[in-house]
Amino acid sequence: MKSIRKIDAIPKLNGSWKFLDDYSYEGMIHGQLLYSTCHHGFIRKVTFPEGYDLSEFTMVYAEDILGENIVPEPVCDQPYMADKEVFHFGQVIMGIAHPNRKLLREFISNTSIEYKELPAITDIKECLENEDNVFGRKLTIDHRTGKKPDPNWVHHHKIYYTPHQEQAYLEPQGMIAIWQPKDKIMFVRANCQCPFFVKEGVEAIMGNKIKEAVIETSEGIGGAFGGKEDFPSLLAGITSLLSYKSGKPVKIVLDRSDDIQITTKRHPARIEINSWTDPETKKIMKINIDYRLDTGAYQTLSPVVLARGVLHAISGYSIPSAFIRGRLFRSNTPSNGAFRGFGAPQGFAAMEAHIDKIAVDLKMNPYEFRKINIFKIGDEFPTTQPIIENNLSDCLERVIEKSDYLNKLKEFKEWNKSHKDKKGIGISIGYHGGGYTGNGEKILNSEVKVVIEKDAIVKIYVSNTDMGQGAHTTLAQMFFEAIDHPLEKCRVQLPNTSKTPNSGPTVASRTIYIIGNLLRKFALKIKDEFGFENLENFVTSNQNKFPHEFRMKFVQDPSVVFDDENYVGVAYKDYSWAACVTEIYFHADTYQIELTKSCSVMDIGKVVNQKIATGQAEGGILQGLAYGLCEFFYKPGYGRMHGFTDYALPTTMDIPEIDVEFIHTDSLIAKGLGEIPMDFPAPSIRNAFYNATGVFIDEYPLVPERILRNLNVNKHC
Amino acid sequence: MLDINCQYKSVEVSGKKEINMKFYKPKSLLELFETSEKIEGKKYFLAGGTDINVQIKNGMIKDEPIIFLNHLTELKNILQSDNHIIIGALTSFSEILESELLKNKLPFFQNSLKNFASPLIQTTATIGGNIANGSPTADIVPLLLILDAKLKLFSKSKLREVPISEFYLGYKKFILKRNEIIGAVLIPENAETGYETFYKKIGSRKALYIAKLAIAGLKKISNNKIEEIKLAVGSLNEYPRRLFKVEEYLKNKLVNEIDFADVEHFLQKEITPITDLRSDKEYRYRVCINLIRTFLNQ
Ligand SMILES: Cc1cc2nc3c(=O)[nH]c(=O)nc-3n(C[C@H](O)[C@H](O)[C@H](O)COP(=O)(O)OP(=O)(O)OC[C@H]3O[C@@H](n4cnc5c(N)ncnc54)[C@H](O)[C@@H]3O)c2cc1C
């Protein structure tokens, strides 16, 4: 629980820590992506502006690709660059490089492309409503009992929509590639989450022209939130091709508006729920969930998002008969990708709202109704995985008590009688399975390396990146705390694919949960093997044994058995749990929701570093709240937002009082923390608004324009 | 952290920026007008640069010449003269927010500007730039409109005063002549004395936002009768506007006798809200009505 300071805190404060754009190399030139502004069509002609010396430019097209024109992804269907036909706005057509960045920008903005336009689907609803757009992977979790709904059961049918969300990392995407013809090595300095993914990406585009791609991250990675999981593979590929062709180091840093418009976003979703509730016992007896994602033009990693989506779609309720179907829908927009939560926030958005709707119709308060239906020991997930702890219910009880929910519910009801403005309070719950889904961690087969030097300095080698979330500090802390070694003797290697073993990508809330716990075990194993009490003393008296290199692999618990075909079994060994209560103030004149307080209780197991964990939780909760409240990315008829002037991230002034408490911290294992804060808070706003006004809104975000439209509809009913 | 030196030599490259634009920095107001007269076609002044620089980056301004104003300190002050508060056009928003004189004489005006941009932008953005950029969303303009402010316009040989309500002619169109600049803003010192005041700027969040709509109002009510009313709105037309027709209708009415259908009738003649990326026509319209109603019933 020790709040040790982050190892990057001081160099970040004094400015010495290097982010990608701080690196420069001799002879380096600048690159930029030329992308399609057409949603679907054939490329007819590219016209460059006059007055430029074309010989100064390096240009690469699809036909310059030396390997394959397909980015390696869970589903390999996306080309690096469009060949003859473009399938979405933002699809890369060329990479262009020039020594002068400003001149290059001018050149590209004056380059025009002629298309033969073809029909395109650009609107989210148009995409998700039409079954003709279904493509790719389909998933079903079938846990039906075969029993017909009892005619007395209360039926609810609702459709919920969730929008795109922009990761809004501080540092835009960027890459530097340096071709080394002598060794046939492509060195890439990457701003990314997953160096080994980037390595595959570069090796795929370069084919057998190179011996190897070596990827090293920049010192600082200014945020990622999932946005730097797969897009960097594409970007690194094109940057490498430019470096190969020009023979010079090439740097591409995306302009903010390009980054916002063409990189991966959270998948918009349409989730349709049919539920049947027994009015006597107040138990939901049967549920049918149709979960749809707008993937954009290509599948890429969407099937994996879909998997996590359907596995979390039922939220934390035990329902005897459940049928969940997940499908991908194609549109002519950039492929959506990873974003903290990875399919789970969409499911909670729907189910947590649905629960409040049923509760209100049954004339119960939403807490009482949740209490009856929430997971308890002995229950099962729809995949038949047994529920072995009551920690979710503990989170709910604690947050209800702490937020004084029941009293406030009464108090606000009274207050609202005599005021035009309204106060509301809402609950939501959530959870997140740690690590890769199902058999994923087994397949990843992660490895870590530790070197103990003669001076008892311990060097940790992992490929997991620190993108500001404090992973390297926490990982080191887990190793050192296990054997009580001083932190000053700790070093963490900057991820580099030729130096650090492949400990897997920095995704899926797995870094501390899988790699951190592995390092802790590893430390204890080394201690055991050498039989020391104090490492420093041991090294001093056994100098001949050092330096010494150790390697260890992750071994999955044998209880994790998952049938990937039928979606049956243990999907995740450990879950983090959470519950939240949010209070709002609704301004009747302006239809604005003001968040006044948000209280969360989370079980993430052992808390390694209290300060880092609290920071991650608060930041994630805010990101989650903003998803439900104000982050608005696409407007029918107007398209995508271009920058932070339009895309409304909350400012510090918009942040309510956020209270976070961790429970069950005496656990031995540190569970996943990365994503869960984003999963669960948003629905509490919608539920609070429903509580305040009696108006139920089926779509995020709850911007005032949408609220006004819904109030008008309600008035007319 | 481990020190891993990449095998490739790292160098600092000083990027050769090719600047095709012309910049002028006149030493005095007089030189300013001389410089300005010499330039034929279109040109821009740079006061705080918080609008201009964005326009340059977006390519909206390509290679038109730029004349710096921001060092001309004679246009940077807040003072009282006769019955007026005079604010130099180059006064920054943070100077306005910190002014003791304004705190005493025009506290409503001062307080209402607290939500302008962010502390960072407040230190550089000027009020002259806010007015002359001509944006429908300019925060200061609705306030100046209800305070019956006048603009002092300077040119080489002439000085004239115009009410701010007559300054705008259309979207980014003003009565400014070639080689004329805004020199100062004049506000009657008692412009807000004795009035009940109202100001709301509505946006997508609580700080650092562009107004979806803004409304400013002053009223004097006695015995339930509206003796005086001044209303102005931003972001609802091509430029911020006084709602003279609505005011005329409301004047001398008893508050409880106001028919809001009539208010809407007149309002519709004076505002033309639009749907854009930021908001919807219906929303802008409805919130405007709601806020006027709240102000009148307050
Ligand atoms: C992050 C950010 C947030 C912002 N938030 C807000 C906000 O909340 N509310 C708001 O209203 N605006 C906002 N703005 C816009 C801008 O800051 C204001 O309009 C500001 O007042 C402009 O003043 P300036 O001195 O920077 O103008 P400049 O950019 O220097 O000039 C703007 C225009 O005015 C002309 N000009 C300047 N001074 C004079 C003069 N004395 N006479 C004649 N013409 C002149 C110039 O030629 C130019 O066309 C924001 C801008 C940014 C970048």
Side-chain angles (χ1 to χ4, degrees), chain A residues 7-8 11 17-18 23-28 30 99-103 105-106 109 178 180 187 189 216 219 249 420 459-461 472 491-494 496 499 588-592 594 630 632 635 637-639 641-642 644-654 703-705 707-709 712, chain B residues 1-20 54 57-59 62-63 114-115 117-119 137 198 200-210 212-213 215 275-295 297-298:
Chain A
I7 46 189
D8 46 346
W17 207 243
K18 282 187 172 177
Y23 291 87
S24 258
Y25 298 94
E26 216 171 353
M28 188 177 81
H30 297 277
N100 186 315
R101 211 176 200 169
K102 188 163 175 268
L103 189 139
R105 191 179 318 147
E106 262 174 32
S109 67
I178 307 173
Q180 287 296 109
F187 174 80
R189 172 81 61 200
E216 180 166 294
E219 259 180 339
K420 186 168 82 170
K459 295 177 178 170
I460 296 173
Y461 292 77
H472 285 176
R491 301 288 183 275
V492 182
Q493 161 78 41
L494 196 59
N496 175 314
K499 293 174 183 160
D589 274 348
T590 58
Y591 313 102
Q592 288 167 308
E594 183 175 346
C630 57
F632 193 77
K635 179 162 177 166
Y638 294 83
M641 302 295 148
H642 301 281
F644 292 141
T645 319
D646 307 312
Y647 187 75
L649 295 167
T651 65
T652 35
M653 301 290 287
D654 301 279
V703 289
E705 288 81 357
I707 291 178
L708 173 62
R709 281 197 295 276
N712 283 342
Chain B
M1 279 289 206
L2 264 192
D3 232 16
I4 294 140
N5 283 321
C6 158
Q7 67 203 90
Y8 313 101
K9 203 172 144 216
S10 171
V11 292
E12 293 305 320
V13 186
S14 58
K16 268 189 291 166
K17 275 219 183 81
E18 284 181 18
I19 298 167
N20 318 321
V54 177
K57 191 187 170 220
N58 290 344
K62 292 227 158 62
D63 28 30
K114 277 190 183 147
N115 262 349
S118 64
T137 67
F198 186 80
K200 279 264 190 293
K201 175 186 173 189
I202 309 299
S204 53
R205 58 185 175 206
K206 286 191 188 165
L208 199 52
Y209 62 98
I210 305 293
K212 288 175 181 174
L213 78 149
I215 173 160
T275 297
D276 59 12
L277 209 58
R278 250 170 237 150
S279 190
D280 298 343
K281 180 159 94 184
E282 298 75 18
Y283 176 77
R284 290 183 155 120
Y285 179 74
R286 186 51 49 203
V287 172
C288 181
I289 287 281
N290 290 348
L291 291 175
I292 292 177
R293 187 194 296 260
T294 294
F295 175 45
N297 291 331
Q298 222 170 43

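Values below: all heavy atoms of this structure, side chains included; hydrogens, waters and symmetry mates excluded. Model, not experiment: these values are computed from the prediction.
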| In terms of side-chain geometry, is the basic nitrogen of B:Asp280 or B:Arg286 positioned less than 4.0 Å from the acidic oxygen of its partner? | no
| What part of A:Asp589 is in contact with chain B, defined as an atom under 4.5 angstrom from a non-hydrogen atom: side chain, backbone, both or neither? | both
| query | Side chain, backbone, both or neither: which part of A:Arg101 has a heavy atom under 4.5 Å from chain B? | reply | neither
| query | Given that the side chain runs from C-beta out, which part of B:Ser118 has a heavy atom under 4.5 Å from chain A: side chain, backbone, both or neither? | reply | neither
| task | Determine whether A:Asn100 and A:His30 make a side-chain contact, defined as any pair of heavy atoms from C-beta on separated by less than 4.5 Å. | result | no
| request: Using modelled atom types only, decide if a donor and an acceptor are shared between the side chain of A:Gln592 and the backbone of B:Gly203 within a distance under 3.5 Å. | output: yes
| request: Establish, yes or no, whether the cationic atom of A:Lys18 lies under 6.0 Å from the six-membered ring centre of A:Tyr23 and within 45° of the ring axis. | output: yes
| Proximity breakdown for B:Ile210 and chain A, heavy-atom pairs closer than 4.5 Å | side chain
| task | Determine the option with the most heavy-atom pairs under 4.5 angstrom with chain B, choosing from A:Ala648, A:Cys630, A:Pro650, A:Pro704. | result | A:Pro704
| Looking at B:Ala207, B:Gly59, B:Ser204, which has the largest count of heavy-atom pairs under 4.5 Å with chain A? | B:Ala207
| task | Give the member of A:Glu594, A:Arg709, A:Lys420, A:His642 that has the highest number of heavy-atom pairs under 4.5 Å with chain B. | result | A:Glu594
| remark: Whatever's closer than 4.5 Å to a heavy atom in chain A on B:Lys200 counts as neither
| query | A:Tyr591 side chain to B:Val287 main-chain N or O, any donor-acceptor pair under 3.5 Å? | reply | no
| field | Contacting moiety of A:Leu649, where chain B heavy atoms sit under 4.5 Å | value | both
| request: Compare every heavy atom of B:Arg284 with every heavy atom of B:Ser279, then report the nearest pair and how far apart it is. | output: CB-CZ, 3.7 Å
